[in-house]
Amino acid sequence: MALCGKVALITGGAQGIGRAVAETLLENKAKVALVDLNQCVGEQCKKELDQKYNEGNCIFIKCDVTDRRKLEEAFQSTVEKFGRLDIVINNAGINNEKNWEKTIEVNLTSVIKGTYLALEHMSREYGKEGGVIINVSSMAAFLHSPHQPVYTATKHGVIGFSRAMADASEQGDYGVRINALCPAFVDTPLLQTVEHEDNMGKFVKFKDHFKQSMDKYGVLKPSLIAEGMMQLITDSSLNGAVMKITCSKGIHFHTYEPLSA
Ligand SMILES: NC(=O)C1=CN([C@@H]2O[C@H](COP(=O)(O)OP(=O)(O)OC[C@H]3O[C@@H](n4cnc5c(N)ncnc54)[C@H](O)[C@@H]3O)[C@@H](O)[C@H]2O)C=CC1
Ligand SMILES: CC/C=C\C[C@H](O)/C=C/C=C\C=C\C=C\C(=O)[C@@H](O)C/C=C\CCC(=O)O
């Protein structure tokens, strides 16, 4: 997919990984809708991106992805502003084992909602022109840990849902590729939450184990995650892919054993 003039919607786009991929898309002459709960950070992010990439290429939409109507409106506003939608990155995520129901709502339920909304605006089944969806999982789906049981469950779910939807898209000729992205630890504000009892609840006592894992496996820069995202966006052969990004192996793909009869 050539990116010039293409339109991307990124949930959680105001900071961290979402902002990094927004910048890379803007560098490649795409248009970007930053969809985020945090109005202050989101507006500042848009202001800085406008200064760097000129005005008119980026919008910020305040939206809680768990609010179905607000999320629907965010998609609608993006298409009304830019006239099309080609790329959807369901990136918004939280780490909260205390309010674990919220973690499921943001990390999994909203990824499902975001995928279905993306198909309404991109799939041939709705008379649209096709596109690509990236759902953000985590290496937590491959190397689980005692301090993030629900977070880990949501990230497993993102992979399973994305792979199943990729098959549905292929068999239904939707014209939409759906891939999952599994970063290891990335240097963003999310990583700081492991220290806080408000986020970790009773699992905060395992925070040293988490920090040992970070020391052992290293911490990635958001720019490398954006590089992996661009590969998933531009390589039209990728559908149902599970991209892993780690310090040890860089950008690579998980391979699944074929099911034996
Ligand atoms: N930082 C890391 O080590 C890793 C992060 N990930 C995943 O990458 C994604 C992005 O995480 P980071 O950039 O690291 O986190 P971050 O905390 O820096 O950014 C997340 C963004 O999502 C927004 N957000 C949170 N809840 C929202 C909601 N209900 N509605 C709309 N926006 C909401 C936040 O306001 C924030 O701007 C998440 O899905 C996370 O699970 C995956 C692997 C590693
Ligand atoms: C509070 C921070 C919240 C989430 C951060 C993130 O989502 C959680 C990551 C959890 C685990 C990360 C594991 C990283 C593993 C590696 O870097 C690999 O090199 C380890 C080697 C093999 C893993 C097994 C495999 O690749 O299948």
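Note that ligands are numbered from 1 as they come in the structure, with each ligand's atoms numbered from 1 the same way. Since the model is a prediction, treat every value here as computed from it, not as a measurement.
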Using heavy-atom distances only, which candidate in Val65, Ile225, Val21 approaches atom 28 (C) of ligand 1 most closely?
Val65
Sole candidate of Asp36, Thr11, Thr78 that passes side chain to side chain contact (heavy atoms under 4.5 Å, CB included) when paired with Ile61:
Thr78
Closest non-hydrogen atom pair between Cys182 and Val242, with its separation:
SG-CG1, 3.7 Å
Is the side chain of Asn199 donor-acceptor paired with the backbone N or O of Glu195 at a distance under 3.5 Å, no angle test?
no
Just need the protein heavy atom nearest to atom 20 (C) of ligand 1, so name the residue and atom and give the distance.
Gly93 O, 4.1 Å
Looking only at distances, please establish whether an N/O atom of ligand 2 is found under 3.5 Å from an N/O atom of Thr193.
no
Ignoring hydrogens and geometry, is there a side-chain-to-backbone donor-acceptor pair from Arg177 to Ile233 under 3.5 Å?
yes
Would Phe210 and Phe203 count as a close aromatic pair, with their ring centres under 6.0 Å?
no
Just jot down the ligand 1 atoms closer than 4.0 angstrom to any heavy atom of Thr188, in number order.
1 (N), 12 (P), 13 (O), 14 (O), 15 (O), 18 (O)
Is Asp64 touching ligand 1 with its side chain, its backbone, both, or neither, if touching means heavy atoms under 4.0 Å apart?
both
Out of all atoms in ligand 1, which are within 4.0 Å of some heavy atom of Leu191? Include the element for each.
3 (O)
Ligand 1 to Gly16, heavy atom cutoff 4.0 Å, flagged ligand atoms 13 (O), 18 (O)
Closest to atom 38 (C) of ligand 1 among Val136, Leu37, Val194, Asn91 (heavy-atom distance)
Asn91
Is the shortest N/O to N/O distance between Thr66 and ligand 1 below 3.5 Å?
no
Has ligand 2 got any nitrogen or oxygen that is less than 3.5 angstrom from a nitrogen or oxygen of Tyr151?
yes
Approximate separation, where rounding is to 0.5 Å, of Asn90 CG and Leu181 CG:
12.0 Å
What residue and atom, counting heavy atoms only, is the protein's closest point to atom 13 (O) of ligand 1, and at what distance?
Ile17 N, 2.8 Å
Positive for side chain to side chain contact (heavy atoms under 4.5 Å, CB included) with Val176, one of Val132, Ile133, Val88:
Ile133
Report the member of Phe142, Phe210, Tyr217 with the shortest heavy-atom distance to atom 2 (C) of ligand 2.
Phe210
Atoms of ligand 1 under 4.0 Å from any heavy atom of Ala184, numbered from 1 in the order shown, are 3 (O), 43 (C), 44 (C)
May I ask you to list the atoms of ligand 2 that are less than 4.0 angstrom from any heavy atom of Ala184?
14 (C), 17 (O)
Minimal heavy-atom distance between Ser137 and Pro183, with the atoms involved, is O-CD, 3.8 Å
What protein heavy atom sits nearest atom 41 (O) of ligand 1, and how far off is it?
Tyr151 OH, 2.7 Å
Taking atom types as modelled, is there a side-chain donor on Asn135 or Thr115 under 3.5 Å from an acceptor on the other?
yes
Give the residue, atom name and distance (to 0.1 Å) of the protein heavy atom nearest atom 24 (N) of ligand 1.
Ala92 CB, 4.1 Å
Any idea which protein heavy atom is nearest atom 22 (O) of ligand 1, and the distance to it?
Gly12 CA, 3.3 Å
Please check whether Val106 reaches ligand 1 - meaning an N/O of the residue sits under 3.5 Å from an N/O of the ligand, judged on distance alone.
no
Output the distance between atom CD (Glu129) and atom CG (Leu85), rounded to the nearest 0.5 Å.
11.0 Å
Looking only at heavy atoms, is any part of Ser137 under 4.0 Å from ligand 1, and if so is it the side chain, the backbone, or both, or is it neither?
backbone
If you measure from each heavy atom of Gln148 to ligand 2, is any distance below 4.0 Å?
yes
Would you kindly specify which portion of Ile94 sits under 4.0 Å from ligand 1, judged on non-hydrogen atoms: side chain, backbone, both or neither?
side chain
Atom 3 (O) of ligand 1: nearest protein contact (heavy atom, Å)
Val186 N, 2.8 Å
Nearest 0.5 angstrom please: Lys98 NZ to Thr193 OG1, how far?
13.5 Å
Closest to atom 22 (C) of ligand 2 among protein heavy atoms sits Leu143 CD1, 4.6 Å
Which of these passes side chain to side chain donor-acceptor pair (under 3.5 Å) with Ser123: His121, Glu120, Glu125?
Glu125
Asp187, portion touching ligand 1 at heavy-atom distance under 4.0 Å
neither
Under 4.0 Å from any heavy atom of Ser138, which atoms of ligand 2 are there?
6 (C), 7 (O), 8 (C), 9 (C)
Pro183 N/O to ligand 1 N/O under 3.5 Å:
no
Check: Tyr116 ring centroid to Phe75 ring centroid under 6.0 Å:
no
On a heavy-atom basis, I'd like to know which of Val35, Asp36, Asn107 is closest to atom 35 (O) of ligand 1.
Asp36
Between Met139 and ligand 1, which residue portion shows a heavy-atom distance shorter than 4.0 Å: side chain, backbone, both, or neither?
neither
With atoms numbered from 1 as shown, which atoms in ligand 1 lie under 4.0 angstrom from a non-hydrogen atom of Phe185?
3 (O)
Can an N or O of Ser248 be found at a distance shorter than 3.5 Å from an N or O of ligand 2?
yes
What I want to find out is whether Asp215 reaches Lys211 closely enough, with some N-O distance under 4.0 Å, to be called a salt bridge.
no
Leu190 neighbourhood, listing ligand 2 atoms whose heavy-atom distance to it stays under 4.0 Å:
1 (C), 2 (C), 3 (C)
Nearest non-hydrogen protein atom to atom 13 (C) of ligand 2, with distance, is Met139 CB, 3.8 Å
CD of Gln44 to CG of Leu49: how many Å apart, nearest 0.5 Å?
10.0 Å
In ligand 1, the atoms that come under 4.0 Å of a heavy atom of Lys155 are 38 (C), 39 (O), 40 (C), 41 (O)
Go through ligand 1 atom by atom and flag the ones less than 4.0 Å from a non-hydrogen atom of Pro189.
18 (O)
Within 4.0 Å of some non-hydrogen atom of Lys244, the atoms of ligand 2 are 25 (C), 26 (O), 27 (O)
Measure the OG1-CD1 distance between Thr154 and Ile104 for me, rounded to the nearest 0.5 Å.
7.5 Å
Closer than 4.0 Å to some heavy atom of Asn95 - which atoms of ligand 2 meet that?
1 (C)
Considering non-hydrogen atoms of the protein only, which is the closest contact for atom 15 (O) of ligand 1, and what is the distance?
Leu190 CB, 3.5 Å
Region of Cys63 that comes within reach of ligand 1 [heavy atoms, distance under 4.0 Å]:
backbone
min-distance protein heavy atom vs atom 17 (O) of ligand 1 -> Gln15 NE2, 3.4 Å
Does a side chain donor of either Glu43 or Gln39 reach within less than 3.5 Å of an acceptor in the other side chain?
yes
In Å, rounded to the nearest 0.5 Å, how long is the span from CE of Met122 to CD1 of Ile87?
8.5 Å
